[in-house]
Each structure stands twice: as structure tokens, then as C-alpha cells.
2 protein chains.
Amino acid sequence: MPLKADLDAIDWKILRELQQDGRMTNVELSSRVGISAPPCLRRVRRLEEAGIIRGYRALLNAPALGMDVVAFCLIGLHHQADAELKTFAERTRGWPIVRDAWMVSGESDFLLHCVASDLGAFQTFVIEELASAPNVDTVRTALTIRRVKDEGLVAFPA
Amino acid sequence: MPLKADLDAIDWKILRELQQDGRMTNVELSSRVGISAPPCLRRVRRLEEAGIIRGYRALLNAPALGMDVVAFCLIGLHHQADAELKTFAERTRGWPIVRDAWMVSGESDFLLHCVASDLGAFQTFVIEELASAPNVDTVRTALTIRRVKDEGLVAFPA
DNA sequence: CGCTTCGCGCAAGAATCTTTCGTGATTTTG
DNA sequence: CAAAATCACGAAAGATTCTTGCGCGAAGCG
């Protein structure tokens, strides 16, 4: 199971390319990173099996699909014992509006990235689901106006 | 240029499958959605050209790559005129630590999703870059403890 | 020095992609 | 209502890509 230390410059190039275009063919990828196709594919497989590449996703255009509202919610709980945190974390997984969620430290306990079809759907979710969930103390929401940066890329050495 | 209204049940299935596995072969995809390969590929191409599929990304395991700190920053500016907002938005694109950024409404003006190698690197960024950038008024940070939900999927009808 | 280990790259077979084309169903039009 | 046009599906075939199995040369080690 290779870790960061086992990666050489070619592996980093592979990761960078696949982050930008996850559907690139292996021959295209191999020529970009400067080796032939077979060893390139072996490297990709190894990165996948090591869990360094967690998967591949198509990125969708939410507004074009009728999902016009993107918002973030900062949640504070009344009690932050381990059991309560796990309970709320589990609850977020049952809410389809929540795309991804983080447990955070600071003024709030959770940060939720939400996508909804319209403001009404989002407000219904906030009021009837989120704010009325057990143990929820505070809910602060930030509606997004527009996406300003969308790389989703992790910064790389060199 | 097809929009939401032009999508049928098969298109939605395609989007759902490609969201879960963006590298699925077209034959596999076609069998999953119940049509043969050629029309399936045509549908995918059309979704790409329409901008409904914005691209494909490999998801990387940041901690395994030595990026141990994921944090969110809420930024408030002194002045929120259009020019100032654009200037700050442009600045976020030059910071490699910032994975993606949103302009938001509410108490803050921007929300930044950041990934750094360690706390020191993140704090250096916050103090020397973010807080000292022109027009920045307030910076609130929330360090993530762990990822609680990671679908990244948009919710679908049915 | 010789052995082992490792990864690259060639080559070949298998799988996939992609185009072309004919067919049937639905819609539009006269 | 019928004829024409439009549309998308699916079969078939050629081009591309994937994937595996070796041989080779370069390091690392006893």
C-alpha cells in the first residue's frame, strides 16, 4: 500500500491529469506523463488500490438540472458528546439535499453543503428538518450567489 | 442544447451512474440504463455538449497525500461593490490552498474551501495572505475534524 | 562481482469505442 | 386520416484502446 513517500514525479503528474480530466484515456494519459501505456495503467491501478484515488465522478451542472439553490449551513448542537455528534452525522446522510457534510471545530459543530431546487424547498428543509432535528441549537445559513472558484484540485508540490 | 425538460428517465439514470462512477465504460453504462451502447454514448455526448455534464474528476485522498488540514473560511469585506467583489474573487483563484470558493449572502461575503498540508501552512495562509489582503474585514475559520458525508451527488427526482 | 528486484516498453489478443446504416415508432403536416 | 418527416434505437464493422505476458536494462544488496 504505497503512501505519499512512495510517489514519484510521474505519479504526481498522473494525479494532476486525472483530477482535471478523470475520463482521459490511458494512452492519452501515458503520453502526457511521458511513459508508455502499460506502466501508466499499472500506476493508476496502484493508486486506486492504495486508496489515493478514491473514485471518479462526473460533475453536473446543477442549475441546468433545475437545482437553483446552493447554500451552506453552519449547525451548532446543544450537546457535543461523541454519541450526539454521531447521531447528527448519521442524520445528515439521510437528507438528500445535503451534498456533503463536515464536522468542524470553532463556533459551529457541523457544516453542510446543500443543493435544492428552489428557495422554497431549501427553506422547508431548514425549518422543518434541520432546525427541528433533535439537539440542534443554532442554524446559520449562507446562500451562495455564485461559484467563484471551482478547481476542486488539491494543491501539488512543484 | 437540451435543458432539464428534454431529459427523460434514461438520461437521469445516466447522470446518476456517472456521478457514482465517472469512469464506467460505455457498455457497462448502457447495460445499466437499459439501452445499447451506441445510443447511450450519443446521450452522454449530448449531455456533455449541453454542459449538463461539466467534466470528470478523479477524487483524491487528501490525507494520504500529506494534505492533513481541510478548513472553511468565511470572509467579510469592507466594501461590497461589484468591483471589490470581483477583485477578491479573482484573488482566490491565485491561492492554491483554496480548492473552491463561493460568493455568499448573509453575514459573510465569501466562503472558501481550503486544503493545506498542515496547520502551520494553513495559519500562514490565513494570516499572511487572507487577512492581509486588501479590503478584507473579517475572517472566520472552521477547521474540519472529519468528513461526515461525501456523496457530492445532486439529489434526483424519483 | 553476481544475484535479486523492480519498472519500463514491445507485442498480441481481448475488450471497448465509434461510426454507419437500416428499421420502427412517433409526430407533423397536408 | 394518410403521407411524410423526424427521431432514436440497435446491429454490424472498423478503429482505437485496454490489458496481459514477456524480455530487457538499471539500480540495490550480499
Side-chain angles (χ1 to χ4, degrees), chain A residues 1-61 64-66 152-154 156-158, chain B residues 1-61 64-66 152-154 156-158:
Chain A
M1 188 198 291
L3 286 178
K4 179 194 174 191
D6 298 307
L7 303 182
D8 64 10
I10 294 178
D11 290 315
W12 287 107
K13 278 191 191 173
I14 288 174
L15 293 176
R16 189 196 311 265
E17 294 293 337
L18 287 181
Q19 263 197 132
Q20 290 185 296
D21 179 4
R23 273 212 111 159
M24 188 182 301
T25 68
N26 184 58
V27 293
E28 170 71 16
L29 177 62
S30 64
S31 86
R32 291 201 185 198
V33 304
I35 59 179
S36 64
C40 185
L41 186 61
R42 282 192 289 263
R43 282 168 180 267
V44 173
R45 291 279 177 272
R46 204 175 53 192
L47 292 168
E48 289 169 353
E49 283 158 18
I52 289 178
I53 295 177
R54 286 163 42 224
Y56 301 90
R57 291 265 168 80
L59 299 185
L60 303 190
N61 184 341
L65 292 170
L153 309 178
V154 317
F156 277 127
Chain B
M1 190 198 292
L3 285 179
K4 179 194 174 190
D6 299 307
L7 303 181
D8 63 10
I10 294 179
D11 290 314
W12 287 106
K13 277 190 191 175
I14 288 174
L15 293 176
R16 189 196 311 264
E17 293 293 336
L18 287 181
Q19 263 196 131
Q20 290 185 295
D21 180 5
R23 274 212 110 157
M24 188 181 302
T25 68
N26 184 57
V27 293
E28 170 71 16
L29 178 63
S30 65
S31 85
R32 289 200 187 200
V33 304
I35 60 179
S36 64
C40 185
L41 187 62
R42 282 192 289 263
R43 282 167 180 265
V44 172
R45 292 278 178 272
R46 204 175 53 191
L47 292 168
E48 290 170 353
E49 282 158 18
I52 290 178
I53 295 178
R54 286 163 42 223
Y56 302 89
R57 291 264 167 81
L59 299 185
L60 303 190
N61 184 341
L65 292 170
L153 309 178
V154 317
F156 277 126

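Letters A, B, ... are given to chains in the order of the sequence lines, protein chains preceding strands, and every chain is numbered from 1.
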Undergrad: Would you mind checking if B/E49 and B/R46 are paired as a salt bridge, meaning a charged N to carboxylate O distance below 4.0 Å?
TA: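 Looking at B/R46 and B/E49, the cut-off is not met.
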Undergrad: Nearest whole angstrom, please: distance from the C1' of D/dA8 to the CG of B/D11.
TA: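 These atoms are roughly 12 Å apart.
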Undergrad: Touch check for A/S36, heavy atoms < 4.0 angstrom, all strands: base, sugar-phosphate only, or nothing?
TA: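 Base, at least one base heavy atom under 4.0 Å.
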Undergrad: Given atom CZ of A/R23 and atom C1' of D/dT17, what is their separation to the nearest angstrom?
TA: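 My rounded result for the distance is 13 Å.
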Undergrad: Can you tell which of D/dT19, C/dT19, C/dT16 lies closest to the side chain of B/P38?
TA: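 The closest nucleotide is C/dT19.
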Undergrad: Tell me the interatomic distance from A/R46, atom CZ, to C/dC6, atom P, rounded to whole angstroms.
TA: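 Computing the A/R46:CZ to C/dC6:P distance gives 11 Å.
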Undergrad: Starting at atom CG of A/L41, determine the distance to atom C1' of D/dT17, rounded to an integer number of angstrom.
TA: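 Going from A/L41 (CG) to D/dT17 (C1'), I get 10 Å.
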Undergrad: Select one nucleotide: of D/dT17, C/dC17, C/dT18, the one nearest the side-chain heavy atoms of B/A37.
TA: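 Between D/dT17, C/dC17, C/dT18, the one nearest the side chain of B/A37 would be C/dT18.
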Undergrad: In whole angstroms, how far is the C1' atom of D/dA26 from the CG atom of A/D8?
TA: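 Rounded to the whole Å, the gap is 15 Å.
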Undergrad: Quick one: B/R45 CZ to C/dC17 C1', roughly how many Å, whole number?
TA: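 Rounded to whole Å, this separation is 9 Å.
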Undergrad: Kindly point out which of D/dT17, D/dA8, D/dG10 is positioned nearest to the side chain of B/R43?
TA: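 Looking only at side-chain atoms, B/R43 lies closest to D/dA8.
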Undergrad: Does C/dC6 have its OP1 or OP2 closer than 4.0 Å to a side-chain nitrogen or oxygen of A/R42?
TA: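 A/R42 to C/dC6 OP1/OP2: no side-chain N or O under 4.0 Å.
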Undergrad: Can you tell me the distance, in whole Å, between the CG atom of B/L29 and the P atom of D/dG10?
TA: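 Taking CG of B/L29 and P of D/dG10, I get 13 Å after rounding.
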Undergrad: Could you go through the side chain to side chain contact (heavy atoms under 4.5 Å, CB included) check for A/L7 and A/L15 one step at a time?
TA: CA-CA 10 Å; A/L7 303 182; A/L15 293 176; 4.3 Å; yes
Undergrad: Output the single nucleotide from D/dA8, C/dC17, C/dG9 whose closest atom is nearest the side chain of B/N26.
TA: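 Between D/dA8, C/dC17, C/dG9, the one nearest the side chain of B/N26 would be C/dC17.
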Undergrad: What is the distance from CD of A/E28 to C1' of C/dT16, rounded to the nearest Å?
TA: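 One finds 17 Å between C1' of C/dT16 and CD of A/E28, rounded.
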